[in-house]
Amino acid sequence: MTRVTLITGDGIGPEIAEAARRCIDATGAGIEWEIAEAGIDVMKREGTPLPEKTLESIRTNRIALKAPITTPVGTGFRSINVHLRQEFGLYACLRPCKSYKGVRSRYSDIDLVVVRENTEDLYAGIEFEKGKTETRELIEWLNKHSKRPIGPNAGISIKPISVEGTERIVRYAFEYARRMGRRKVTSVHKANIMKFSDGLWLEVSRDVAKRYPDIEFEDRIVDNMCMQLIQKPELYDVIVLPNLYGDILSDLCAGLVGGLGVAPGANIGENMAIFEATHGSAPKYAGQNKVNPTALILSGLLLLQHLGKANEAQRLEKAVSAVIAEGRDVTYDMKPDRNDPTAVGTQEMADAIIRKIKAG
Ligand code: NAD
């Protein structure tokens, strides 16, 4: 048995966690789940949205499936997701975007994987507020050392991109491509404008690419990449990006395949991984057995692949795509009319997927 931490989250989290757990178990993957709490419900009881025993469970098992968590306002936590990424050094955010027949979208046959750097760039959280003493000192220093003056009323966000951080994420993208039998990696940047951050990213990307002669490599400037993805998404395969571009383009790519309901994700570190849907805790639907469990189930599929359980992952994907393609036992958001009375609930959609798994 492989032990995996299951963070049930809050809002719609517990219901989709239950649906995903049951579907994964039906594949016979032999997972022993250790249930752990995080979010606003546990915060009311224990005074923290992320209890130490939850962190300890992830630390011990090194792998977790996490349902969405509401970000509580005014608790000092920026976001539990950011906290987990930092705590466990989860430097790679993996977002596969794949078309499933039956999901409404303007596109078909999309099969892209976004690999986003998770720790550096403008997301590093190094910011200086307008008017603060340290901001004024920084502006003075910058005005002394740079030819372009900054006015005294500017706020400043710093964009660090390091050789080590870039090398690690680009290598991850190539290793993933090789492991998953993918043909090409595209590195995205704005090196023509930001020569010392994005320029470094591009230079390191090219160096890393030389070590993977079996996989095609190319680079694209981020604005061009956005247009290309809209016009010719079929040209792309694995796309590796710095943090901010990765954030924006993963939503763009999720949009290409039908949106949040079917967008899975993973945050991956050296010896640690947390799998989760892209969507949030949708509090207004909590406890109604109404929302779509697909994104978390597909995150479970990534978890199975990560554990090397390729057969189980394949069976799960086949069952999910069959249920979606049939369009009968699906939740309201997957019906052409969202008020369609034949829409099924979260657990009933999971039941239909389990029936398909069992039927082979
Ligand atoms: P959300 O993704 O929770 O919901 C936005 C809307 O998308 C919902 O109202 C619903 O109409 C739809 N939706 C989302 N998931 C769905 C599903 N599985 N099935 C059907 N429809 C679905 O985004 P939000 O309302 O901006 O955020 C709510 C809370 O979730 C916030 O506190 C936010 O911070 C948090 N959040 C958590 C995570 C995470 O845990 N990884 C990610 C994003 C947002």
Side-chain angles (χ1 to χ4, degrees), residues 5-20 23 36-44 49-50 54 58 64-88 90 93-95 100 102-105 116 118 123 246-248 250-251 254-255 257-268 273-300 302-303 320 323-324 329-340 343-350 353:
T5 301
L6 179 63
I7 302 171
T8 50
D10 59 36
I12 57 168
E15 346 172 8
I16 58 173
E18 172 66 7
C23 291
E37 287 182 295
I40 48 174
D41 300 336
V42 64
M43 186 168 127
K44 282 179 203 143
L50 192 54
T54 297
I58 303 171
L65 181 66
K66 179 184 141 317
I69 296 171
T70 306
T71 301
V73 181
T75 60
F77 264 89
R78 257 203 331 176
S79 140
I80 290 169
N81 302 309
V82 173
H83 187 90
L84 286 171
R85 265 179 232 157
Q86 287 170 348
E87 175 80 20
F88 297 119
L90 306 174
C93 179
L94 186 70
R95 296 252 170 98
Y100 286 100
V103 179
R104 267 166 298 126
S105 162
R116 167 187 171 190
N118 240 351
Y123 269 71
D247 183 36
I248 297 166
S250 34
D251 272 33
V257 295
L260 284 179
V262 289
N267 292 296
I268 296 178
I274 300 182
F275 296 81
E276 63 178 340
T278 302
H279 66 71
S281 58
K284 70 177 177 198
Y285 291 120
Q288 295 177 29
N289 187 39
K290 181 168 171 137
V291 295
N292 189 348
T294 304
L296 193 63
I297 295 172
L298 293 176
S299 306
L302 299 180
L303 181 145
V320 171
V323 167
I324 296 175
D329 297 316
V330 295
T331 47
Y332 74 99
D333 56 307
M334 290 196 139
K335 295 280 185 184
D337 169 8
R338 288 165 80 89
N339 297 315
D340 187 331
V344 302
T346 309
Q347 300 311 326
E348 290 68 32
M349 183 165 175
I353 293 168

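Side chains are part of it too, since the values below use all heavy atoms of this structure and drop only hydrogens, waters and symmetry mates. When a ligand or atom number is given, it counts from 1 through the structure's own listing order. Here, residue 1 is the first one in the sequence, and each next residue gets the next number.
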*Look only at interatomic distance and state if Ile69 has a nitrogen or oxygen under 3.5 Å from any nitrogen or oxygen of ligand 1.*
yes
_Pi-cation contact, Tyr123 with Arg116 (under 6.0 Å, within 45°)_ = yes
*Hey, is Ile16 touching ligand 1 through its side chain, its backbone, both or neither, going by heavy atoms under 4.0 Å?*
neither
*Looking only at N/O atoms, are Leu260 and ligand 1 under 3.5 Å apart anywhere?*
no
*Partner of Asn289 by side chain to side chain donor-acceptor pair (under 3.5 Å), out of Glu15, Glu18, Glu348*: Glu348
*asked:* As an exercise, identify every atom of ligand 1 less than 4.0 angstrom from a heavy atom of Thr70.
replied: 32 (O)
*Any idea which heavy atoms bring Ile7 and Ile58 closest together, and the distance?*
CD1-CD1, 3.6 Å
*Criterion side-chain contact (heavy atoms from CB on, under 4.5 Å) against Ile324, the qualifying member of Ile353, Thr294, Asp329*: Thr294
*Which pair of non-hydrogen atoms, one from Met349 and one from Met334, has the smallest distance, and what is that distance?*
CE-SD, 4.0 Å
*asked:* Less than 4.0 Å is my threshold; does some heavy atom of Lys290 fall inside it relative to ligand 1?
replied: no
*Closest heavy-atom contact between Ala20 and Ile297?*
CA-CG1, 3.8 Å
*Would you mind listing which atoms of ligand 1 come within a distance below 4.0 Å of any non-hydrogen atom of Pro68?*
40 (O)
*Which heavy atom of Ala36 sits nearest a heavy atom of Thr5, and at what distance?*
CB-CG2, 3.7 Å
*Against heavy atoms of Asn81, which atoms of ligand 1 measure under 4.0 Å?*
38 (C), 39 (C), 40 (O), 41 (N)
*asked:* If you measure every N or O of Ala282 against every N or O of ligand 1, does any of those distances drop under 3.5 Å?
replied: yes
*Determine whether any heavy atom of Thr294 lies closer than 4.0 Å to an atom of ligand 1.*
no
*Less than 3.5 Å between some nitrogen or oxygen of Ser281 and one of ligand 1, yes or no?*
yes
_Backbone or side-chain N or O of Asn292 under 3.5 Å from ligand 1 N or O_ = yes
_ligand 1 N/O within reach of Glu276 N/O, cut-off under 3.5 Å_ = yes
*asked:* So Glu276 and Leu84, do their side chains get closer than 4.5 Å, heavy atoms only?
replied: no
*asked:* Distance under 4.0 Å to a non-hydrogen atom of Lys66: what atoms of ligand 1 satisfy this?
replied: 39 (C), 40 (O), 41 (N)
_Nearest neighbour of atom 2 (O) of ligand 1 from the list Gly259, Gly280, Gly9, on a heavy-atom basis_ = Gly280
_Candidate list Leu296, Thr54, Ile274, test side-chain contact (heavy atoms from CB on, under 4.5 Å), partner Lys66, passing option_ = Ile274
*Going by the atom numbers of ligand 1, which of them fall below 4.0 Å from some non-hydrogen atom of Lys284?*
9 (O)
*Numbering the atoms of ligand 1 from 1, which are under 4.0 Å from a heavy atom of Thr71?*
32 (O), 34 (O)
*Could you check if a side-chain atom of Pro293 sits within less than 4.5 angstrom of a side-chain atom of Thr346, using non-hydrogen atoms only?*
yes
*Would you say Thr278 and ligand 1 have an N/O pair spaced under 3.5 Å apart?*
no
